[in-house]
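Here's the structure, in structure tokens; my notes come after.
Everything numeric in this text was worked out from a predicted model, so none of it was measured.
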Amino acid sequence: MAVPTLRCGFSGSRWTFALVDRGCRHRTVATFNWIRGQSSVAQQPLHTAQKPRKGAQEWAAVVGLEIHAQISSNSKLFSGAEVRFAAPPNSLVSFFDASLPGTLPVLNRRCVEAAVMTGLALNCHINQKSLFDRKHYFYADLPAGYQITQQRLPIAVNGNLAYSICVGKQQREITKTVRVKQIQLEQDSGKSLHDDLRSQTLVDLNRAGVGLLEVVLEPDLSCGEEAATVVRELQLILQALGTSQANMAEGQLRVDANVSVHHPGEPLGVRTEVKNLNSIRFLAKAIDYEIQRQISELENGGEILNETRSFDYKLGCTVPMRDKEGKQDYRFMPEPNLPPLLLYDSTSLPAGADPQQVIDIDRIRETLPELPSETRARLVQQYGMLPEHSFTLLNEVGLLEFFQNVIKETRAEPKKVVSWVLNTFLGYLKQQNLAVSESPVPPSALAELLDLLHTRAISSAAAKQVFEELWKSPGKPPAQIVSEKQLGLLQDREALEELCRATLDGHPQVVRDVKGGNPRAINKLIGLVRKATQGRAEPALIKQILEKQLSSPAP
């Protein structure tokens with residue numbers, strides 16, 4: 001895979017570094033100021049720089065991701081405690097979650113099935129035998145002093161995830177692949193709430209023990225946009241499978257990014273880890289900033305520390321959390337209270353085995369739903385839409401379902417439906433910062449409006465007026481709006497011919513321009529007639545009548 005490189009150039013007292021576009025849509029740029037031999041990264045929006053001078057030094061960036069997805073399950077990974085967002089603090093805590101002595105873990109079957117299904121969707125090898133381990137560290141929201149995870153032998157390994165990005169001025173779409181190192185089951189920790197005013201920390205254990213899928217990706221990425229695209233694609237896959245709601249706003253999908261830079265052809269650089277990124281937009285910004293920060297540090301004679309950092313979204317930069325120079329000893333050890341997790345396929349399934357007591361990998365494989373990549377291919381083939389349109393339909397939550405409901409209820413051409421949903425409907429949503437579920441215009445209303453347009457009951461201009469009224473007056477049928485506003489298409493051809501003749505008589509100079517060899521001048525006449533009809537006449541019909549009258553001798 002081609003590696004985007006970062007190039008630097010010097011101008012006066014400022015160095016400029018540019019990520020050369022070989023796979024990322026935008027060139028990412030940072031400018032560094034020299035002040036007495038020291039540099040500081042300008043914490044401001046990034047702007048595209050001019051092409052770096054010939055011979056400028058190159059850098060390559062390497063990015064790997066660790067993604068934690070909360071499993072969609074009614075109960076936790078090793079206890080029967082309920083899983084629910086925004087419940088009162090410490091109201092969903094079992095004895096095991098609180099680490100009371102004598103309590104034992106009981107593995108949640110649903111979580112195992114979710115891990116297998118996710119592994120199959122990501123083309124992983126499913127290990128028929130996997131192990132659980134204890135990862136020891138001490139923190140207030142981890143009452144046991146250790147986390148149960150799968151360090152030595154995880155449930156799934158060696159997969160891959162395909163994703164598409166647009167490159168170049170023509171926005172050419174290319175498909176890339178990132179390798180999936182492993183998928184492991186593990187329990188979440190609780191949540192610490194720091195009260196600086198009272199100098200105290202409160203602990204909420206509702207989240208403690210919730211089942212997580214940790215998806216570890218190989219360092220195959222090279223910029224923030226690639227990372228953001230991969231995470232969004234994984235999010236869509238998890239939601240399609242139903243294995244995770246993957247709502248980042250509710251903490252159901254969290255990302256750690258490992259970032260390093262090096263000169264092409266040389267060994268990889270020291271990496272830093274940016275922790276707990278819970279927004280796709282901030283993920284891209286954090287990675288691109290960290291790439292630029294490391295280049296600045298190295299170019300100024302500094303060194304990169306192997307440390308953990310966090311992203312301050314208000315400042316738009318990463319800040320140190322703790323160093324990792326001394327490797328932390330988690331003292332991994334086998335989990336003594338859980339036996340090896342054994343899975344089966346059609347060839348190894350014991351005869352007469354109780355389906356409730358075993359998990360059959362092949363049976364889960366048969367239940368895999370249509371994945372996002374397959375959905376996009378189907379939409380392109382079925383409706384003749386452009387690939388980028390299929391991406392938009394899937395990326396906006398609820399938009400695909402809205403589109404499909406409109407298609408079911410209208411006789412309009414699919415391409416016309418695509419245009420209205422992606423341009424008009426989505427444009428109104430973006431303008432008012434609304435989700436699809438919050439739209440005042442339901443699919444049935446848009447379908448009825450498109451039917452009126454399809455049967456030539458209204459013009460395209462009138463249809464936009466009707467849609468605007470639908471947005472302002474929810475619940476009012478399009479036909480009623482057309483009647484009340486008198487937006488129906490003008491059907492009286494004789495009246496339209498008289499109006500066209502009057503327009504020609506009233507604008508002799510424009511008529512002379514048309515007859516004098518300026519065919520574009522007729523557009524002004526068409527506009528005048530449309531204005532006189534308040535948009536109730538079809539432009540094509542107006543043009544046909546005007547051309548006929550212009551070619552006929554004056555009466």
Side-chain angles (χ1 to χ4, degrees), residues 64-71 73 76-79 96-97 99 103-139 142-161 178-189 208-220 234 238 243-244 254-258 271 273 275 306 308 324 326-345 348 357-361 364:
L65 302 179
E66 297 173 7
I67 305 164
H68 293 83
Q70 179 180 316
I71 299 172
S73 172
K76 297 182 180 180
L77 182 58
F78 298 118
S79 79
F96 176 80
D97 303 329
S99 300
T103 56
L104 295 173
V106 179
L107 184 57
N108 184 330
R109 177 190 178 96
R110 160 63 185 164
C111 293
V112 176
E113 291 175 334
V116 173
M117 182 173 284
T118 303
L120 292 173
L122 296 180
N123 307 302
C124 291
H125 168 73
I126 307 299
N127 287 321
Q128 291 187 242
K129 177 182 178 181
S130 59
L131 304 173
F132 288 97
D133 304 283
R134 288 185 179 183
K135 176 182 179 181
H136 294 82
Y137 62 93
F138 296 95
Y139 204 66
L142 192 73
Y146 62 84
Q147 175 193 41
I148 302 179
T149 182
Q150 292 189 307
Q151 175 68 15
R152 295 169 296 160
L153 190 57
I155 196 167
V157 294
N158 301 332
N160 59 77
L161 171 59
V178 58
R179 292 171 295 159
V180 178
K181 180 180 180 181
Q182 65 189 56
I183 300 174
Q184 61 196 51
L185 281 166
E186 63 183 29
Q187 59 181 172
D188 205 348
S189 61
V210 169
L212 297 179
L213 292 175
E214 181 176 358
V215 182
V216 182
L217 304 182
E218 297 284 7
D220 295 339
L234 178 61
L238 295 172
T243 54
S244 174
R254 307 191 294 273
V255 184
D256 301 335
N258 293 294
R271 69 181 183 182
E273 182 182 32
K275 292 283 287 185
N306 181 213
T308 298
K324 301 174 73 171
K327 183 174 176 60
Q328 188 167 357
D329 183 9
Y330 289 115
R331 296 183 296 116
F332 283 103
M333 61 171 282
E335 168 54 56
N337 294 322
L338 286 169
L341 174 58
L342 300 179
L343 307 176
Y344 301 89
D345 58 19
S348 61
Q357 299 299 318
V358 297
I359 291 179
D360 186 344
I361 299 170
I364 293 176

Matching residue for N127 among I155, I361, L153 - test: side-chain contact (heavy atoms from CB on, under 4.5 Å): L153
Which atom of E273 lies closest to which atom of D256, heavy atoms considered: OE2-CB, 3.7 Å
Short question: side chain of T118, backbone of A114 - any donor-acceptor pair under 3.5 Å? yes
Roughly how far, to the nearest 0.5 Å, is CD of Q70 from CZ of R254? 7.5 Å
One thing to verify: whether E218 and K181 come together as a salt bridge, which I'm taking to mean a side-chain N less than 4.0 angstrom from a carboxylate O. no
Please report the interatomic distance OG(S130) to CD(Q150), rounded to the nearest 0.5 Å. 4.5 Å
Minimum heavy-atom separation for S244 and A69, please, with both atom names. OG-CB, 4.0 Å
L65 side, atom CG; N258 side, atom CG - distance, nearest 0.5 Å: 8.0 Å
Smallest heavy-atom separation, V180 atom then C124 atom, equals CG1-SG, 4.0 Å
Apply side-chain contact (heavy atoms from CB on, under 4.5 Å) to Y146 and E335, showing your working. CA-CA 10 Å; Y146 62 84; E335 168 54 56; 4.0 Å; yes
What is the minimum heavy-atom distance between F132 and L341, and which atoms define it? CE1-CB, 4.1 Å
Does the side-chain contact (heavy atoms from CB on, under 4.5 Å) test come out yes or no for L77 and V210, once each step is laid out? CA-CA 6 Å; L77 182 58; V210 169; over 6 Å; no
Nearest 0.5 Å, please: how far is CG in D188 from CG in L212? 4.0 Å
Keeping D220 on the side-chain end and R179 on the backbone end, is there a donor-acceptor pair under 3.5 Å? yes
Neighbour count >12 (heavy atoms, 6.0 Å) for atom OH, Y137: yes
Looking at L213 and L185, what are the two nearest heavy atoms and their distance? CD2-CD2, 3.9 Å
For the residue pair Q184 / T149, report whether a side-chain donor-acceptor contact shorter than 3.5 Å exists. yes
Nearest 0.5 Å please: distance from the NE2 atom of H125 over to the CG atom of L120. 11.0 Å
I'd like to know if the side chain of E186 reaches the main chain of I148, judged simply by a donor and an acceptor atom lying under 3.5 Å from each other, with no hydrogens or angles considered. no
For a quick test of reading the model, state the closest non-hydrogen atom pair linking G209 to D97 and the distance between them. CA-OD1, 4.4 Å
Rounding to 0.5 Å, atoms CE (M333) and CZ (R134) come to a distance of 5.0 Å
Check step by step if side-chain contact (heavy atoms from CB on, under 4.5 Å) holds for V106 and L104. CA-CA 7 Å; V106 179; L104 295 173; 5.8 Å; no
Quick one: are E113 and I359 in side-chain contact, heavy atoms under 4.5 Å? yes
Exam field: side chain D133 to backbone R152, donor-acceptor pair closer than 3.5 Å: yes
Determine, step by step, whether N306 and R271 satisfy the side-chain contact (heavy atoms from CB on, under 4.5 Å) criterion, reporting the C-alpha distance in whole Å, the side-chain angles of both residues, the deciding distance to 0.1 Å, and the verdict. CA-CA 6 Å; N306 181 213; R271 69 181 183 182; 4.3 Å; yes
Any sub-3.5 Å donor-acceptor pair from Q187's side-chain atoms to A208's backbone N or O? no
